[in-house]
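Presented below is the structure to which this report refers.
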Amino acid sequence: PTARRVSSIASRLPGTNRLGFQPSLALSDRMEQILIIGSGLAGYTLAREIRGIDTHIPLTLITADGGDFYSKPMLSTALSDGKTPADLVNTPPQGMRERLDMTLLTRQRVTAVLPGEKQVITQQGAQHYSKLVLALGALPIVPPMRGDAVDERLVINNLDDYTRFREQLPGAPAHIALIGPGLIGCEFANDLLRSGYPVSLIGPDPYPISSLLPQSTAEALQQAMQAAGAEWHLRQTAAIMDRNGSGYRLTLTDAQEIDCDLVLSAVGLRPDTTLATEAGLPVNRGIITDRFLQTGNPHIYALGDCAEVDGRNRPYVMPIMHSARALAKTLTGQPTEVVYPAMPVIIKTPLHPVVVLPPEPGTSGDWDSEIDAQGTLCRFISDDGHLKGFALSGDRVDQKQALLRSLS
Ligand code: FAD
């Protein structure tokens, strides 16, 4: 607390301590003010990792949402697990404030980053930083559609969205339309099916989760979900969403009509780069960082779904854990590059479980598939004969560790 008081006074009188003297090196180290924007897994994991190393360094976290600590992956399994949105909250903001001994400002949106002044601007005023971490997450992509109910499509990317979805979800067996047969769309569809809701999945893809899965694994999942009541409308998109009685009518690009009670849009997420772009930081798909998570400005770092680390956006939990651990060391005086191990993605579709480790982008080779009643086992073999990725489904998912050991 003393260090924090000195730091806030010193931030008003740059270069001096509260007695007006030049601070010693040790004291100036103590005056570092780390500011994190975002209370998702990235922001909170980083704060926890920093506190694991340094219990004194002044830490402030500003977030646009309510600051509840929750596990976002559980949003797509909560319904069939019998959990309400409130059940998903692991620790409320006051608990996080105390546990991490930090200043936590909730429901405050940062509207600008001023790298020259080392300040961020919120609706409540300016905040100084010595080191700034952008942990801003990603924003749902909303595809263009027409119709008088198009604004009533729901997206789920945080606890507030999820609470709204649960408030609006009619009782089973209401019919739910899911636009986007990707990973998150399939997980929500699976959760709804297991809870007694028939679902229609719509998207331009030739098969589900086509950006990650080989065709045979995807088709095994598609069949299992179909057997549980999913209707697939692939290779086309929803063009119009109109009101229809107490529900909705979707018109697809092939003129087919689907009547439903609720429409969920899950067509993908794009890294939130708005603040970084406006601050003049280099941005590509995500906010560009090196392996130290440092952006184009030496005092600003980016972490989690908003970041593009060494050329790749990795919007999953495991990369966040590895990145946060490395960044906490860097920010506390031990510069550390993040190194990612092979990180398979577990797709939470208990109707037909799937685990996939896609090959690194640019790896040339082919999928080799074995399919039987147990599920699928697909290996991605590079042109020079090495195992570079895999996809397992059904009862075959328990071969994950063996395949991880066989990677070369
Ligand atoms: P977010 O959780 O989006 O946090 C961003 C934070 O930034 C929020 O607190 C937001 O309020 C704040 N913010 C944004 N802009 C501002 C601003 N201007 N001012 C102040 N605050 C701001 N990954 C897996 O590995 N396994 C899974 O099984 C899995 N399942 C998933 C299921 C679902 C339904 C979803 C949506 C994602 C899933 N993911 C999964 C992905 C994983 O959850 C994300 O990679 C991770 O949660 C992203 O964390 P984050 O902190 O980067 O972003």
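This is a predicted model, so every value here is computed, not measured. Both ligands and their constituent atoms are indexed starting at 1 by order of listing.
- For Y248, the ring pair (Phe, Tyr, Trp, His ring centres under 6.0 Å) test picks out no residue, with sequence neighbours left out.
- Annotation: R243, atom CZ; neighbour count of heavy atoms from other residues, nucleotides and ligands within 6.0 Å is above 12.
- Here L59 contributes atom CG and T103 contributes atom OG1; the two are 8.0 Å apart, rounded to the nearest 0.5 Å.
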side-chain hydrogen bond (donor to acceptor under 3.5 Å, both in side chains) between S39 and D65, worked out
CA-CA 8 Å; S39 62; D65 60 36; 2.8 Å; yes

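- Few gaps surround CZ on R107; more than 12 heavy atoms of other groups in view lie less than 6.0 Å from it.
- Under a 4.0 Å N-O distance rule, the pair K348/E187 qualifies as a salt bridge.
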List of N/O pairs, ligand 1 versus protein, all under 3.5 Å?
from     : atom 1 : to   : atom 2 : distance (Å)
ligand 1 : 2 (O)  : K72  : NZ     : 3.3
ligand 1 : 3 (O)  : K72  : NZ     : 3.0
ligand 1 : 7 (O)  : A135 : O      : 3.3
ligand 1 : 9 (O)  : S39  : N      : 2.9
ligand 1 : 9 (O)  : S39  : OG     : 3.2
ligand 1 : 9 (O)  : T63  : OG1    : 3.1
ligand 1 : 9 (O)  : D65  : OD2    : 2.7
ligand 1 : 11 (O) : T63  : OG1    : 3.4
ligand 1 : 11 (O) : D65  : N      : 3.4
ligand 1 : 11 (O) : D65  : OD2    : 3.1
ligand 1 : 18 (N) : V110 : O      : 3.0
ligand 1 : 19 (N) : V110 : N      : 2.8
ligand 1 : 21 (N) : A64  : N      : 3.0
ligand 1 : 25 (O) : V317 : N      : 2.8
ligand 1 : 28 (O) : K348 : NZ     : 2.5
ligand 1 : 30 (N) : K348 : NZ     : 2.9
ligand 1 : 45 (O) : D305 : OD1    : 2.7
ligand 1 : 45 (O) : D305 : OD2    : 3.3
ligand 1 : 45 (O) : P315 : O      : 3.1
ligand 1 : 45 (O) : Y316 : N      : 3.4
ligand 1 : 51 (O) : L41  : N      : 3.2
ligand 1 : 51 (O) : A42  : N      : 2.9
ligand 1 : 52 (O) : D305 : N      : 2.9

